[in-house]
K.L.:
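Sharing a structure here in structure tokens format.
Every heavy atom of this structure was used, including side-chain atoms; hydrogens, water molecules and symmetry mates were not. None of these values were measured; they are calculated from a predicted model.
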Amino acid sequence: MRDLWAVLARRRDYRLVLGAGLVSLTGDWLLRTGLAFHVYVLTGSTLSSGGLLLASFVPTVVLGSFAGVFADRWDRRRTMIVLNLLNAAVLLPLFAVRDGRTIGIAYAVVLAQSCLQQFFTPAEQALIPALIEPRHLMTANALNSQIRDVARLVGAALGGVLTAAGGLSLLATADAATFVVATVLLQRVRHRSERTASRTRAAARTVQPGAAVRRLAAEWRDGLRLCATGGAMRLLFAFGLVTQVGEGLMSTLFAPFVSTELGGSARVYGLIVSSQAVGGIVGGLVAAALGSRLRAATMWGVGSVLFGLVDLTLFCSPLVSDSLVPAFVCMILVGVPGAFTVAGSMTVLQHLTHDASRGRVLGALGAVEGAAVLLGITTAGLLGDRLGTIPLLALQALGYLAGGLVVLTHHPLLTAPPPSVPAPETPPARTGAGTAGGVTGVAG
């Protein structure tokens, strides 16, 4: 508990960023839950509801690695503030959604928010190491994982309540309010990225617009090269690819699994899904308490192995019992190794990257994982009826199990120092050079 105290009580800036994340994530879950229900009510179509999922994932694949470049260029705190305000603004069109004929507005809002999120996530994740001492980094990552489960538990419940009370207008108002509150908290963060801001201002003074585009492309390519540099980085990306294909299978097939294999109702399905958040909250606390006592790679590998074993037990339980109890128990238990896996893998990634390139690597990893989720969703749709839910869901569990074993056997590789960062291409200064349009951006 000393680690928890050191992070929460003594790190004011981190505490503010954590609080802002909790508030805005609660709003995200609030809108996600209420919007999915409301779209189905307006259209009566599961295909329309699935369109929301597609609109939220496509920007991850298309923009993820590109957006990470800007997380390295812009002041990360200021980026998060501006993006929160933009997120609040793009919610306003939801007030115009009245029936099935205007449902396209909801898709556009989800698409816009997902595009903004591609810039926000790497900025936030890359900022954390600058606010925390290295020995407390895993504790901070564990707390980040925990607030996601708290937000999921609270936001999903509130989403249903607010949808029933006031529909989309109330949902949009509540979600916008969470972004405003998060902005106020981030405004109070004292940390400033002087390196990023000064580099951006210098670039704006000396780079022609055409050269700015070439420089941006060069930084993007450098980021992709960093992602493939060294066995440790390749292992991180391979783990993300394999496990997120499994998450795509899980997101598509878990509801049919509960219905057909467990014989559960929609209410039972909701309770089982929400029970994982309970385990995640407990797991986050345990991981945070053990933060400085376990190596990050060990926590990652052990967490992944246990995650796979618990999931495998869950998916095979209908073969030996008709009871719903194993499903509830497993979903609660899996939250603990899930928190270990997230905290450990994120800490390893942060240790393997430099501050100047961390955003690009995080953005590229997000793009790979988003593409893997879409692949898993597609595979589940094509093969779910042919192979059945249990064999495909077992693949998800085996992916985590195999990935964890590989991590544990490659432990020394994951503690190596980060590769050097390629020097950015800086074109020579010219007299009367214009402002680089895309460079100034949020940092201004």
Side-chain angles (χ1 to χ4, degrees), residues 21 24-25 27-36 39 47-74 76 79-94 97 103-127 148 151-152 155 171-172 175-176 178-179 182 213 216-217 219-221 223-224 227 237 240-241 243-245 247-248 251-252 358-378 381 438 441-442:
S24 62
L25 282 171
D28 290 346
W29 274 103
L30 183 153
L31 182 69
R32 185 182 310 176
T33 304
L35 191 58
V39 165
L47 182 61
S48 297
S49 298
L52 291 176
L53 185 64
L54 185 63
S56 66
F57 270 109
V58 168
T60 304
V61 180
V62 177
L63 285 178
S65 64
F66 179 74
V69 175
F70 293 96
D72 291 332
R73 284 177 156 222
W74 297 337
R76 288 161 182 160
T79 298
M80 293 164 64
I81 289 172
V82 171
L83 290 172
N84 270 328
L85 293 175
L86 290 175
N87 266 303
V90 300
L91 289 167
L92 295 177
L94 287 179
V97 177
I103 205 65
I105 296 174
Y107 295 143
V109 168
V110 171
L111 184 66
Q113 283 206 318
S114 184
C115 288
L116 294 172
Q117 192 64 31
Q118 305 319 305
F119 294 87
F120 186 94
T121 300
E124 180 186 42
Q125 293 174 337
L127 176 64
R148 294 179 186 278
R152 175 181 178 181
L171 279 175
D175 194 20
T178 64
F179 285 117
V213 174
L216 177 63
E219 290 186 19
W220 177 67
R221 289 192 298 269
L224 294 182
C227 297
F237 274 75
L241 178 63
T243 57
Q244 292 309 302
V245 168
E247 289 301 318
S251 65
T252 307
R358 190 170 291 128
R360 279 171 278 178
V361 175
L362 286 164
L365 179 60
V368 168
E369 291 182 342
V373 170
L374 288 178
L375 177 60
I377 291 172
T378 303
V442 178

K.L.:
Which pair of non-hydrogen atoms, one from Ala176 and one from Ala88, has the smallest distance, and what is that distance?
P.N.:
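So the minimum-distance heavy-atom pair works out to O-CB, 4.0 Å.
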K.L.:
Working to the nearest 0.5 Å, report the span between CD of Gln244 and CG of Leu374.
P.N.:
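If I round to the nearest 0.5 Å, the distance is 11.0 Å.
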K.L.:
Of all the heavy-atom pairs spanning Gln113 and Phe179, show the shortest one and how long it is.
P.N.:
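The answer is NE2-CE1, 3.6 Å.
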K.L.:
Could you label the plane-to-plane angle of the Phe119 and Trp74 rings as parallel, tilted or perpendicular, counting under 30° as parallel and over 60° as perpendicular?
P.N.:
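The arrangement is parallel - the two ring planes meet at less than 30°.
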K.L.:
Atom CD1 of Ile105 and atom CG of Leu94: how far apart are they, to the nearest 0.5 Å?
P.N.:
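Interatomic distance, Ile105 CD1 to Leu94 CG, rounded to 0.5 Å: 8.0 Å.
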K.L.:
Output all residues satisfying side-chain hydrogen bond (donor to acceptor under 3.5 Å, both in side chains) with Thr60, sequence neighbours left out; order by chain, then residue number.
P.N.:
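side-chain hydrogen bond (donor to acceptor under 3.5 Å, both in side chains) list for Thr60, sorted by chain: Gln118.
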K.L.:
Which distance, rounded to the nearest 0.5 Å, do you find between the CD1 of Ile377 and the CD of Glu247?
P.N.:
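If I round to the nearest 0.5 Å, the distance is 10.5 Å.
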K.L.:
Would you give the length of the straight line joining atom CZ of Arg76 to atom CZ of Arg358, rounded to the nearest 0.5 angstrom?
P.N.:
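With rounding to 0.5 Å, CZ (Arg76) is 7.0 Å from CZ (Arg358).
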K.L.:
Closest heavy-atom contact between Pro59 and Leu111?
P.N.:
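Of all heavy-atom pairs spanning Pro59 and Leu111, the closest is CG-CD1, 3.6 Å.
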K.L.:
Test side chain to side chain contact (heavy atoms under 4.5 Å, CB included) on Leu171 and Leu30; report intermediate values, then the result.
P.N.:
CA-CA 7 Å; Leu171 279 175; Leu30 183 153; 3.3 Å; yes
K.L.:
Going by the side chain to side chain contact (heavy atoms under 4.5 Å, CB included) test, name the single residue among Val373, Leu375, Thr378 that passes it with Val245.
P.N.:
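Per the side chain to side chain contact (heavy atoms under 4.5 Å, CB included) rule, the option paired with Val245 is Leu375, out of Val373, Leu375, Thr378.
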K.L.:
Find the distance between OG1 (Thr243) and CD (Glu369) and round it off to the nearest 0.5 Å.
P.N.:
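With rounding to 0.5 Å, OG1 (Thr243) is 6.0 Å from CD (Glu369).
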K.L.:
Tell me the closest heavy-atom pair linking Arg148 and Glu124, and the distance in Å.
P.N.:
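Heavy-atom minimum between the residues: NH2-OE1, 4.0 Å.
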K.L.:
State which residues pass side-chain hydrogen bond (donor to acceptor under 3.5 Å, both in side chains) with Thr178; sequence neighbours excluded, sorted by chain then number.
P.N.:
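Residues passing side-chain hydrogen bond (donor to acceptor under 3.5 Å, both in side chains) with Thr178: Asp175.
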K.L.:
Go through it in stages, so that I can follow the logic: the residues are Phe120 and Asn84, the test is side chain to side chain contact (heavy atoms under 4.5 Å, CB included), and I'd like the CA-CA distance, side-chain angles, deciding distance and then a yes or no.
P.N.:
CA-CA 8 Å; Phe120 186 94; Asn84 270 328; 3.9 Å; yes
K.L.:
Roughly how far, to the nearest 0.5 Å, is the CZ atom of Arg360 from the CZ atom of Phe70?
P.N.:
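Rounded to the nearest 0.5 Å, the CZ-CZ separation comes to 11.5 Å.
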K.L.:
Step by step, work out the side chain to side chain contact (heavy atoms under 4.5 Å, CB included) result for Leu91 and Leu31.
P.N.:
CA-CA 10 Å; Leu91 289 167; Leu31 182 69; 3.6 Å; yes
K.L.:
Using every non-hydrogen atom in the two residues, find where Leu362 and Ala126 come nearest and quote the distance to one decimal.
P.N.:
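Of all heavy-atom pairs spanning Leu362 and Ala126, the closest is CD1-N, 3.7 Å.
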K.L.:
Which heavy atom of Val109 sits nearest to which heavy atom of Val90, and what is that distance?
P.N.:
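Val109 and Val90 have their closest heavy atoms at CG2-O, 3.4 Å.
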